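Heads up: the structure comes next, in structure tokens.
Please read all numbers here as calculations on a predicted model, not as lab measurements. Computed from heavy atoms alone, side chains included, the values below leave out hydrogens, waters and symmetry copies.
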Amino acid sequence: MTFLPDLPAFLAFTLAAVILTITPGPDMTLFLGRTLAQGRRAGFAAYFGACTGSLIHTTLAALGLSALVAASPQAFLALKIVGAAYLVWLAYGAIRNGSSFSVDRERTPPQPFRANWLKGVAINLLNPKIVLFFVTFLPQFVAAGDPHATGKFFFLGVYFLVVATPISVAMILAADRIAMTLKRKPGVMRAIDYVFASVFSAFAVHILLARA
């Protein structure tokens with residue numbers, strides 16, 4: 001099973017996937033907002049659309065990054081270092097600015113499943129920050145020059161959704177309580193910010209020290 005990363009990388013990626021899933025972003029804002037405004041069916045439609053966008057990003061990133069590994073392991077290594085610096089920047093932004101998370105609780109007329117699904121696709125597919133994140137995040141878990149890089153990139157991208165889906169489904173089912181908790185206890189959001197910053201800073205320091 002050459003597409004599997006080694007155990008330390010696999011465990012680190014699992015931790016990163018969990019932290020990413022519980023950290024608010026445009027996709028979470030969308031599917032929780034649609035759940036509160038139009039019901040769970042709309043929330044699931046938006047989430048599955050976001051998953052579709054993520055799969056497209058995974059495919060494009062896997063093909064492009066694998067080509068880079070084959071053409072120039074040195075350039076791929078440079079990308080890993082740039083990616084580590086980007087993770088530090090994200091961690092700094094989480095601490096300094098915090099997560100902006102606000103969902104609309106006002107009930108609105110239900111929209112077709114397809115409309116909410118397409119909105120979910122667009123929120124991930126057209127967000128340049130998500131493109132940049134996939135290109136700089138996935139390489140942190142694959143070694144430069146790895147002959148099985150393509151399979152590992154695809155595996156990690158799909159595995160991320162495997163980890164994220166049950167957590168996100170639970171969020172949709174408990175959307176009302178989550179929104180109420182975050183409104184009443186803003187410290188919960190700050191705690192998530194600090195966990196995100198700590199984990200991703202640790203990843204960045206690890207890759208930078210490993211290549212020093």
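A 4.5 Å side-chain heavy-atom check between Phe44 and Leu173 finds at least one atom pair inside the cut-off. By the 4.5 Å heavy-atom criterion applied to side chains, Leu65 and Leu79 are counted as neighbours. Annotation: side chain of Phe10 is in contact with side chain of Phe155 (closest heavy-atom distance under 4.5 Å). The closest side-chain heavy-atom distance from Thr35 to Arg41 is not below 4.5 Å. With a 4.5 Å cut-off on side-chain heavy atoms, Phe13 and Pro5 do not count as touching. Side-chain contact between Gln111 and Lys119 is absent, with no heavy atoms from C-beta onward closer than 4.5 Å.
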Inset, instruction - Output, in order, the C-alpha distance, side-chain angles, deciding distance and verdict of side-chain contact (heavy atoms from CB on, under 4.5 Å) for Leu161 and Thr58. - result: CA-CA 10 Å; Leu161 295 179; Thr58 294; over 6 Å; no
Legend entry - Intermediate values then yes/no, side chain to side chain donor-acceptor pair (under 3.5 Å), Ser201 and Tyr92: CA-CA 9 Å; Ser201 294; Tyr92 172 74; over 6 Å; no
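For the pair Asn124 (side chain) and Gly53 (backbone), a donor-acceptor distance under 3.5 Å is absent. Listed for the Arg34 side chain is no donor-acceptor partner under 3.5 Å among the backbone atoms of Ala45. A distance-only check finds a donor-acceptor pair linking the side chain of Gln140 to the backbone of Lys80 [under 3.5 Å].
Once rounded to the nearest 0.5 Å, the distance linking CG of Leu36 with CD1 of Ile178 reads 9.0 Å. Distance check: Ser66 OG to Phe154 CZ gives 7.0 Å after rounding to the nearest 0.5 Å. Here the CD1-CE distance, from Ile22 to Met171, works out to 6.5 Å after rounding to the nearest 0.5 Å. Interatomic distance, Met28 CE to Ile167 CD1, rounded to the nearest 0.5 Å: 9.5 Å. With rounding to the nearest 0.5 Å, the separation of CG in Leu125 from CG in Leu55 is 11.0 Å. To the nearest 0.5 Å, atom CG of residue Asp27 and atom SG of residue Cys51 are 8.5 Å apart.
Residues Phe200 and Phe137 place their aromatic rings such that the two centres sit under 6.0 Å apart.
Linking Ile, Leu, Val, Met, Phe, Trp and Tyr whenever their side-chain heavy atoms come within less than 4.5 Å puts Phe141 and Leu4 in one cluster. Cluster annotation: Tyr159 and Leu63 are assigned to distinct hydrophobic clusters (Ile/Leu/Val/Met/Phe/Trp/Tyr, side-chain heavy-atom contacts under 4.5 Å, transitive). Two different hydrophobic clusters hold Phe153 and Val82 under the rule that ILVMFWY side chains link at heavy-atom gaps under 4.5 Å. Linking Ile, Leu, Val, Met, Phe, Trp and Tyr whenever their side-chain heavy atoms come within less than 4.5 Å puts Leu20 and Val163 in one cluster. Connection of Ile19 to Val88 is not established within any shared hydrophobic cluster, with ILVMFWY side chains joined at heavy-atom distances below 4.5 Å, either directly or through further cluster members.
For the pair Val142 and Ala149, the tightest heavy-atom approach, listed with the atom from each and the gap, is CG1-CB, 4.0 Å. Nearest heavy-atom pair across Gly43 and Ile172 is O-CD1, 3.7 Å.
The only option from Thr52, Thr165, Asn116 that meets the side chain to side chain donor-acceptor pair (under 3.5 Å) definition with Tyr47 turns out to be Thr165.
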